[in-house]
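Everything on this sheet refers to the single structure shown next.
When a ligand or atom number is given, it counts from 1 through the structure's own listing order. Values in this document were obtained by computation on a predicted structure and should not be read as measured data.
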Amino acid sequence: MTSVTDLIPEPRAIEGPMRCGVLLDEGTTLWAGPGTGTTERWLRSTLGPALGLPLRPGPQDARDSVRLCVDDSLEPEAYKLSVIADWGVEIRGGDAAGVFWGAQTLRQLLGPEAFRKAPVRPDIKRGIPHQIIEDGPRFRWRGLMLDVARHFMPKDGVLRYLDLMAAHKLNVFHFHLTDDQGWRIEIERYPRLTEVGSWRARTKFGHRASPLWEEKPHGGYYTQDDIREIVAYAAERHITVVPEIDVPGHSQAAIAAYPELGNTDTSLSVWDTWGISPNVLAPTDNTLRFYEGVFEELLELFPSEFIHVGGDECLKDQWRASPTAQARIKELGVGDEDGLQSWFIGHFDKWLSAHGRRLIGWDEILEGGLARGAAVSSWRGYEGGITAARAGHDVVMCPEQQVYLDHRQHEGADEPVPIGYVRTLEDVYRFEPVPPELTSTEAAHVLGTQANLWTEVMEDQARVDYQAFPRLSAFAEVAWSDLPAPAERDFDGFERRMVRHYERLDALGVSYRPPAGPLPWQRRPGVLGRPIEGPPPNR
Ligand code: ACM
């Protein structure tokens with residue numbers, strides 16, 4: 001039996017656990033009240049194969065059964081999980097999502113075997129101690145960003161990450177679909193975006209200062225059917241998918257496919273190295289109409305309130321050199337290239353509002369002013385988020401210094417991805433999304449927080465797992481639980497709970513970074529394994 005103290009993220013309050021408990025077995029029935037269908041389906045499809053618990057439908061008053069119901073006296077996403085003698089397991093949720101998060105806790109209470117795909121023994125029985133858990137999230141935006149542009153992750157890998165998010169009660173999947181190095185979503189009216197833009201001829205191996213290339217094509221994209229499947233799979237898990245189309249910078253793959261989107265006559269290929277490409281979108285009406293077409297198809301596929309337009313790291317050299325861009329600056333009266341960027345983002349802000357959605361972008365979109373409804377992903381530290389919240393904009397806090405999980409986890413010479421600052425498990429556990437400078441009114445604009453996985457040096461799923469875990473487990477607790485101030489957080493206690501959580505991650509097949517450092521097969525020979533001297537190259 002799992003002790004409640006092993007739960008991750010840690011719940012708000014627990015009464016118990018008692019010594020005796022409820023036993024679930026092949027005959028245990030499930031009653032699912034109105035509005036709890038997602039959890040009913042998820043429990044059967046998960047606990048059935050893992051534990052041999054088919055959870056057949058049964059009456060509400062069956063002894064020692066499992067019951068699910070929505071109870072709107074609880075807050076949204078909150079739940080109360082009761083394990084009571086002669087009654088069984090009851091999960092009441094403030095809404096359908098609350099019931100689902102309660103079911104995630106139930107799975108943890110059932111032990112690491114509940115995380116397997118097939119039972120270890122067919123006749124397995126599962127006991128849960130009598131207890132009552134009351135729980136709910138601190139933030140409504142508990143996000144993970146995955147960059148599938150730098151390295152493509154096939155659809156099944158994405159579905160697996162949605163499952164890993166659900167297991168950690170994370171609920172926003174920020175899908176970084178386009179960048180200089182690849183365009184990953186089918187847009188029917190512009191087939192070259194994927195025919196040309198989704199493949200590059202070779203790939204820089206390691207960080208951008210590395211002298212090595214992997215001399216083989218890399219690519220892939222999601223068809224619109226794939227995207228529909230991903231969005232539906234996420235919705236079944238109460239996860240919202242927020243797509244990102246990065247404009248006007250980070251657009252070399254699109255320009256390689258449609259050269260008229262660029263500022264020069266030079267023919268481009270999809271970029272094969274890392275950093276920030278100087279090739280950015282031309283600020284023309286043609287570009288605006290083109291991307292309105294892209295966003296029209298996007299809105300058909302993604303029902304999310306927010307649509308991410310990137311807006312980060314748009315180098316302005318080409319605009320400075322381009323007579324067309326300079327004429328545009330004069331015609332619009334926007335003063336300079338920064339004004340032009342602000343005009344560009346402002347156009348899509350208005351366009352998205354007119355289509356009933358809200359724009360979100362990286363904190364550079366603040367430069368030059370931002371429309372009222374737009375929100376900001378604060379990545380260059382807290383400053384962008386503080387400025388945005390003070391100006392009344394909603395904010396997602398994801399400062400690079402704390403929650404960029406591509407950054408190395410240890411100084412050690414055998415760390416396989418030696419880029420960025422060292423950000424340990426403890427650093428992430430002590431990350432505080434709401435800076436003390438904000439008043440409570442301003443802090444109410446912090447929708448939540450998000451960990452970001454940029455994949456320049458993560459060429460496959462095992463490498464993504466290694467960078468994400470166990471830090472994403474610590475991050476999930478930051479996003480969900482009511483933790484005290486960073487210095488007062490019980491990191492030792494968290495590490496003790498992680499012992500059991502590593503068993504769950506093992507059962508899920510996650511190749512996390514072991515606490516003692518990389519396993520032999522996780523290490524890397526050559527340039528990637530060398531310690532970095534001097535300031536760390538940042539991608
Ligand atoms: C970013 O890391 N360029 C948002």
Side-chain angles (χ1 to χ4, degrees), residues 141 143-151 172-184 204 207-208 242-254 271 273-281 306-317 338 341-342 344-345 348 359-368 370 374-388 393-408 417 419-421 423 428 431 433 447-458 464 467-468 471-472 475 535-539:
W141 185 301
L144 174 68
M145 188 222 72
L146 181 67
D147 164 18
V148 291
R150 271 50 177 271
H151 279 101
V172 179
F173 179 57
H174 173 168
F175 206 7
H176 183 80
L177 286 163
T178 69
D179 217 300
D180 296 314
Q181 296 86 356
W183 183 283
R184 304 283 174 229
K204 175 56 70 82
H207 52 72
R208 68 169 183 264
V242 174
E244 178 183 351
I245 301 290
D246 206 343
V247 292
H250 287 285
S251 297
Q252 183 166 327
W271 218 26
T273 188
W274 313 129
I276 312 170
S277 165
N279 295 298
V280 305
L281 297 177
F306 286 103
I307 300 290
H308 208 293
V309 300
D312 57 321
E313 299 178 319
C314 177
L315 298 181
K316 308 290 188 320
D317 301 327
D338 288 341
Q341 148 117 356
S342 175
F344 194 98
I345 297 294
F348 286 103
L359 176 144
I360 184 165
W362 301 108
D363 55 58
E364 287 92 331
I365 67 169
L366 281 165
E367 293 158 10
L370 193 57
V376 167
S377 308
S378 186
W379 77 276
R380 294 178 298 175
Y382 287 103
E383 294 73 24
I386 293 172
T387 308
H393 294 289
D394 287 339
V395 173
V396 175
M397 281 293 184
C398 49
E400 169 170 42
Q401 296 78 357
Q402 271 87 2
V403 285
Y404 267 36
L405 302 184
D406 53 331
H407 287 211
R408 65 207 323 236
V417 180
I419 68 149
Y421 316 91
R423 284 297 161 248
V428 174
F431 162 59
L447 300 177
T449 180
Q450 166 176 304
N452 293 338
L453 274 169
W454 299 101
T455 59
E456 287 93 334
V457 285
M458 298 177 218
V464 177
Q467 291 304 109
R471 292 183 295 183
L472 195 63
F475 173 79
N538 188 7
R539 290 184 225 118

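At under 3.5 Å, a nitrogen or oxygen of E313, whether backbone or side chain, sits near a nitrogen or oxygen of ligand 1. Residue-to-ligand polar distances keep W379 apart from ligand 1: every N/O pair is separated by 3.5 Å or more. Inclusion of W362 in the set of residues having an N or O under 3.5 Å from an N or O of ligand 1 is not warranted.
Taking every non-hydrogen atom of W454 and a distance limit under 4.0 Å, the qualifying atoms of ligand 1 come out as 1 (C), 2 (O), 4 (C). Here is the list of ligand 1 atoms found below 4.0 Å of a heavy atom in Y404: 1 (C), 2 (O), 4 (C).
A salt bridge links R380 with E367; the closest basic N to acidic carboxylate O contact falls under 4.0 Å.
Remark: the backbone N or O of G385 is not paired with any side-chain donor or acceptor of T387 at under 3.5 angstrom. Here the side chain of H407 pairs a donor or acceptor atom with the backbone of Y421 at under 3.5 angstrom. Side-chain N or O atoms of D147 include one that pairs as donor or acceptor with a backbone N or O of T455 at under 3.5 Å. Side chain of Q181 to backbone of T273: a donor-acceptor contact under 3.5 angstrom is found.
Across the listed options N452, D312, D246, D312 owns the non-hydrogen atom lying nearest to atom 3 (N) of ligand 1.
Residue-level proximity to ligand 1 for E400 is absent, since no heavy atom of it falls below 4.0 angstrom.
In summary, the aromatic rings of W362 and H174 are positioned with their centroids under 6.0 Å apart.
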